[in-house]
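Lettering follows sequence order; numbering is per chain, from 1.
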Amino acid sequence: MSLDLSTVYTILWTVLGAVGIAILLNLYQSLRHSRKNEAVVEEVNVSTGDIPPNSNMKTFLRMFLRVIDRIHLHEATFQKIRQYLDENGMLDKWRKHLNSNSEAKRIQASVYLAKLGGKNDGLLLSERLEVEEDRSTQIHLIYALTQLRFIPALPIILEVAVRAEQLDQARIAGLCYSFGSDFTKLLARRIDNATTEELPFLFEAAKHSMTLELTLLLNQQARTGELPFRHMAAKILREQAPHILRKPAFLKHEDPIIRGLAYESVGLEPSLENLTVLHESLSDIDSQESAIVACSALLRLEPQLLETTIDEFRKTDDSQKRKALAKILSFRIEFFLQSLLHENSSIYRELIQEILEQGEFSAFIAFLNNTFDPELTQTLIELLLELIPTSPGLENELQLYLREDFLVQVNLDRKEYDSKKADPEKERTKFRILLTGLLLALFAFPVGFILTHLPLAQKGEWVMLIQLFIIKFNYTLIYYSVTLNGIYLFITFLSMWGIRKQLQRWRLKSNHFLSRPAMLPSISIIAPAYGEEATIIESTNSLLNLKYPTYKLIVVNDGSPDSTLSTLIEYFDLQKVDIKLDQTLNTMPVRGFYANPNYPKLTVIDKANGGKADSLNVGINASTTDYVCGIDADSLLEPEALTKLASTLMDSPEEGLAAGGNILPINGCKVSRGHLDEIGLPKNSIARFQTVEYLRAFMTGRVGWADLKSLLIISGAFGLFKRDRLLEVGGYLTASGQFHKDTVGEDMELVVRLVRHMHEQRLPHKVHYSFLANCWTEVPESSRILHSQRDRWQRGLLDILTFHRHMVFNPNFKQVGVFALPYFTIFEGLGPLIEVQGYLMVILAAIFGLLNEQIALLLFISSILLGVVNSLLALYAAGLENQTFSFKEKLILIVYAIIENIGFRQIQLFTRLSGYINSLKRPKGWGKMVRKGLGST
Amino acid sequence: MEENLEPTASQSPEEATLLERIKLLESRLFNCPLTHLPNDVAFRDSILTEIRTDRHSLELLLISLDHTNEIRSEYGAKAGDELIIAAASLLRGVVPERSNLFKMGDHEFAYYYRESDDSDMSSLAESIRSSFMNSTIFVKPITVSVGGLKLAEIAEDDLETNEILSKVLGELHGRVKHSKMTGMNRSTLTSIAMESSREVPIVLAVDDDPLQLELIRQSLSTLKIEIITALDGDDALTKVRDQKPSLVICEMAVPKRDGLSLRRELLEDPDLRDIPFLLMTQQKNPTLIKQAVDLGVIHILEKPLFSLELSALTSNTIQTNK
């Protein structure tokens, strides 16, 4: 067990070689970026049929794809290019590649043949489709067939579609409609004797467009079909052909869900007659919620009918129905409040009273806060004084949100906001486990050493014993460090391989391909906001302007004490709306939904304070999309980030469970109106160290972990999750949720629980990582805030490891159980304890004169250089698709990558150590970070 | 004179009742019974006094509710009255000096103030216009047409105060009428004059993809037009304001302000709302089409573009809007 100088030198030279290669890669890249401007000119020339004489075939094809994705070429130009490619043997090469063993090659061939192929190629493509197993390749083949309009392939496509999973069925249905009547005729023939296996695909087809035959099928299924088809059919009818659901057969259906959907369809067509129908349906208790939603939708479409509903309220004695009517009318509470000044205002007074009794206070308070007419103010204050005793909860809300001068008038005091903290019960077990970990890390080695060296101890040769101990310990540390660096290197190599593959796939996905209906899954972005009045408009605007075909934005106001909600309402001119909310996940109560038809993507939810995870759960409940994407309200997405992230989901044969993207520091970037105008390095050196850290962790780490199917960290600032799976596992961990437990690391915990669930159900799945999708966020610039952030991260990690301890070293959870979680336990969880001892031992060794300075120094340099290799490769990866950092900025970052080893690293080590110690204490809160706001950067 | 009307201890009870009735009558004469604002008689009175004090720094606004007749016929006369009460209440909150607010004819309000460093007529008119447009207190959304006048514009020294007043009222009504004629929900704050037309039409193309912009430029290269480009919605808005193009071709998904928001912004500016607007998108869908049609977008082009379609649409639109 010895380490001689020559071995150390070999290590050093190898690492130095790697540094050299990484530097060369970066130099080459900078050279290419500087030629980028010429490229646009060349690309425009491609559109006129100029074939650049000296460019290679690969570059030319990439330019050609980019051009035809934007503009159709003239027929003559197109034929000229096609002939040129054919003469160079390209078309034949792709035809051969269709049956290659490599998926990448098959996909590439489909993409090019889609644009350049002829009728015969349609035949080749459909023959390949018949035997194709990989789902991603299937989609690309079908896209190619639709581009070539090769109709004979339709029966094969249908065959594939029936066997595909739901999201793929939607994709295929969307593609098939470009065949026009040939497709619908074929469907019509299939419908007559459709089997249960074929129904899901037929339904997906109906979601895109309704033919007569599909309408008949859905009508019959919604009436008499089995579950779940009955409900599926009725839901599609409500979207696509609501007039059918308005028939008595559905309005009087025995299934309350069908009745509810029928009511909602009635609400879509405003007329006095329909309103009367809905007024009656309010007595149908099982489906009342739908009736309320329908009624308010109708009134919003035809405000003239408002009087009718007010009349109905006047006439009704039934208290249940009065409540429902008040709920419907509550969206016009401002009008009623204003009308209090009129004669005969008694009915409005009753209405307002009923609305407030149901806990709908926020609109009232907001209205009052913004009233300047003294007469009206007086009336409202008098009304409030009357209502406070009868409306539970009103007093509390007033104390929190009412304007100061009015608060005095209603004889109340301002109450300060206090957020409720959950009291975790499982702390005891966690404490025991962490203590055991601590003792093990401290004493396992000494005890083991003494046991193996008992004779020496009996002889009482203590000095020798201690010296031997120090030497052995130092060797153990070297093994520890070699293992850790080995893992890093291994992951880095995997990542570089994965990055190359990912980039190749991404470049083959044209805008046209990605924007086909349902090609990218529908996504709800959920942005929790707490006290963000200064930045909320900017970040909301930014999130509304993403380049993604089908997404919704749900801003969840987590009971902010400031004017976050009213700022949003005012800026986007939002109205209160009724939405039927499935309370699948338990959360704090929701106060209201706000929307504006001019911004169809945006929904704002107001809820009682419950923390970030609780807000995310509310958003998950409220969304109806395939995936949800959690994001910090103060982070900024690049316009194409969501597209890049979501498009990775179709790259694997397994179900895309979740996907994460890069987080990068926004400090130092130029931002205006929520858009990243220019990327730059932070001025502050603490932030610069973090830039290096983030780049290394994300670019060269996560892709590798993902390819090992071991990715467990998806940052809460930017992560995509499959909604139905989230509901299955109970959403984010909250005190009010299923597990009655709070955690400070809710993002990682969720991934671990999702993965655990999938393994337990034996469902193939993958957690993806896109190195192309960038999210920019503010990082701490002061060491105090950085310390509290890292302390929190460490506590979060330990919390998760103890909570999911049964998964660690458990082969039932495959790579996650035997590799990822043990890695986190040993190197991330206990790592700080071991490393600190390491520093101590090196110092002790130096004191005892046992240290071979030369070896120690060389090893130290090697490990720094290894970090530099990682950093260099990360920079290379960051610049692959677009130029992220200039050459000068790269140099600065490399300097920081070297000096971080002296000082910064050690401080982080102690922070993580303090996180461990703090975990043994009582739980702390979030340690909210003080932000400067995007506008000021 | 007012002092004499005050009831004093020496008056008999009959006298006091009489005086009270006179006071009531007087208040009816000078106040609008519906809104309790001072009426047009009171307005003339106050303005005459103000003109006598200083005729140069006075500025006036006339605010006229649009669609009142429509509401009366749809919801009944009572709703019409309620509308006016609500409007008065809203205006009280918007204007800086409540006592200078008057109720004029059937559905009009007047407001005057002295010019100062922090007064700006166009921003006041704009805040009135937008607060009506965005208010939810009415039975249905209401807009106003505004006319504004600075006395300095017309006050010549040799005019009598009475002459000035009638000239002021005439001009104010003329400007409100101009606001109504040009589509309502807008303000006219200067005398009504003609705008000149340009020689070479400008077309603004907006997309965040430089290659796409180059390809559009190439497709339109045969037309006799000047092409300017913008990479995001904000930049586009500035360029439309500065250069008043004859056509805007805009990608739906551009940063900072998407295509429809840009269109909405242009519609709110009376000078820019008639500029024809073409939208580009990767994939049309019913929601987008509905929104675009509602905002008066001429056509939605799907990418990849057909250069013939683009150039024909461009030249046709510019021809018809000349």
Side-chain angles (χ1 to χ4, degrees), chain A residues 39-41 43-44 47-48 66-74 303-304 306-307 331-335 337-339 341-344 367 370-376 511-512 514-517 519 541-542 544-550 570 573 575 597-600 639 672-677, chain B residues 36 74-76 78-79 81-82 85-86 88-90 92-94 98 133-141 207-212 214-219 232-234 251-258 260-261 264 281-283 285 287-288 290-291 294-295 303-310:
Chain A
V40 175
V41 181
E43 280 173 326
V44 176
S47 76
T48 52
R66 277 167 53 82
V67 168
I68 58 167
D69 200 20
R70 286 158 179 78
I71 201 153
H72 288 280
L73 298 183
H74 288 293
Q304 264 143 284
L306 196 67
E307 276 302 322
F331 81 105
R332 293 309 311 268
I333 189 167
E334 284 141 342
F335 171 62
L337 289 168
Q338 182 71 43
S339 307
L341 287 184
H342 309 159
E343 301 152 35
N344 307 328
F367 183 83
N370 293 310
T371 307
F372 293 94
D373 185 348
E375 203 182 332
L376 188 57
N511 288 330
H512 185 259
L514 288 173
S515 58
R516 292 309 87 205
M519 187 53 75
N541 255 328
S542 159
L544 282 173
N545 279 342
L546 301 178
K547 277 186 181 288
Y548 193 83
T550 44
E570 198 171 315
D573 194 12
Q575 282 194 339
N598 280 339
Y599 299 94
S672 74
R673 266 184 74 93
H675 179 72
L676 195 69
D677 280 350
Chain B
H36 307 302
E74 275 175 30
Y75 295 86
K78 196 168 137 271
D81 288 349
E82 283 167 4
I85 298 174
S89 158
L90 178 69
R92 278 197 193 102
V94 180
R98 270 177 231 163
M133 194 169 69
N134 300 323
S135 174
T136 50
I137 62 170
F138 302 107
V139 64
K140 73 179 244 189
D207 202 305
D208 63 342
D209 175 36
L211 176 59
Q212 185 76 63
E214 274 316 300
L215 292 168
I216 291 174
R217 194 187 281 279
Q218 198 192 39
S219 303
D232 64 60
D234 257 12
E251 156 67 35
M252 175 58 206
V254 283
K256 298 188 191 181
R257 195 190 292 278
D258 70 22
L260 288 179
S261 303
R264 224 172 270 132
T281 183
Q282 281 295 337
Q283 167 82 39
N285 63 62
T287 330
L288 179 66
K290 168 97 184 30
Q291 276 188 296
D294 286 349
L295 292 172
K303 291 177 180 176
L305 303 169
F306 286 94
S307 53
L308 184 61
E309 187 185 23
L310 181 68

Heavy atoms only, distances under 4.5 angstrom: which of [options] has the most pairs with chain B? Name it, please.
options: A:N541, A:L546, A:N598, A:L376; result: A:N598
options: A:E334, A:K547, A:Q575, A:E375; result: A:K547
options: A:H74, A:H512, A:Q304; result: A:Q304
options: A:D573, A:N511, A:T371; result: A:N511

So do the side chains of [X] and [Y] get within less than 4.5 Å of each other, counting heavy atoms only?
X: B:Q291; Y: A:P600; result: yes
X: A:L544; Y: B:D258; result: no
X: A:I71; Y: B:L310; result: no

Based on non-hydrogen pairs under 4.5 Å, which of B:Q218, B:H36, B:M252, B:R257 is most in contact with chain A? B:R257

Interface check, chain A: of B:D208, B:T287, B:D232, most non-hydrogen pairs under 4.5 Å belong to B:D208

Output the distance between atom [atom1] ([X]) and atom [atom2] ([Y]), rounded to the nearest 0.5 Å.
X: B:D294; Y: B:R264; atom1: CG; atom2: CZ; value: 9.5 Å
X: B:L90; Y: B:I137; atom1: CG; atom2: CD1; value: 5.0 Å
X: A:S515; Y: A:Y548; atom1: OG; atom2: OH; value: 11.5 Å
X: A:L337; Y: A:F335; atom1: CG; atom2: CZ; value: 11.0 Å

Part of [X] within contact of chain B (heavy atom distance under 4.5 Å):
X: A:F367; value: side chain
X: A:R332; value: side chain
X: A:I68; value: backbone
X: A:P549; value: neither

Tell me, for [X] versus chain A, whether the close heavy atoms (under 4.5 Å) come from the side chain, the backbone, both or neither.
X: B:E82; value: both
X: B:S219; value: side chain
X: B:Q212; value: both
X: B:D234; value: side chain
X: B:V94; value: neither
X: B:R98; value: side chain
X: B:D209; value: side chain

Salt bridge between B:D207 and B:K303, side-chain N to carboxylate O under 4.0 Å? yes

Go through B:L288 and B:T281 one step at a time and tell me if the side-chain contact (heavy atoms from CB on, under 4.5 Å) criterion holds. CA-CA 9 Å; B:L288 179 66; B:T281 183; 3.9 Å; yes

Whether the side chain of A:N545 engages the backbone of B:K256 through a donor-acceptor N/O pair (distance < 3.5 Å, no angle test) should be reported. yes

If you count heavy atoms of other groups shown closer than 6.0 angstrom to CD of B:E309, is the number above 12? yes

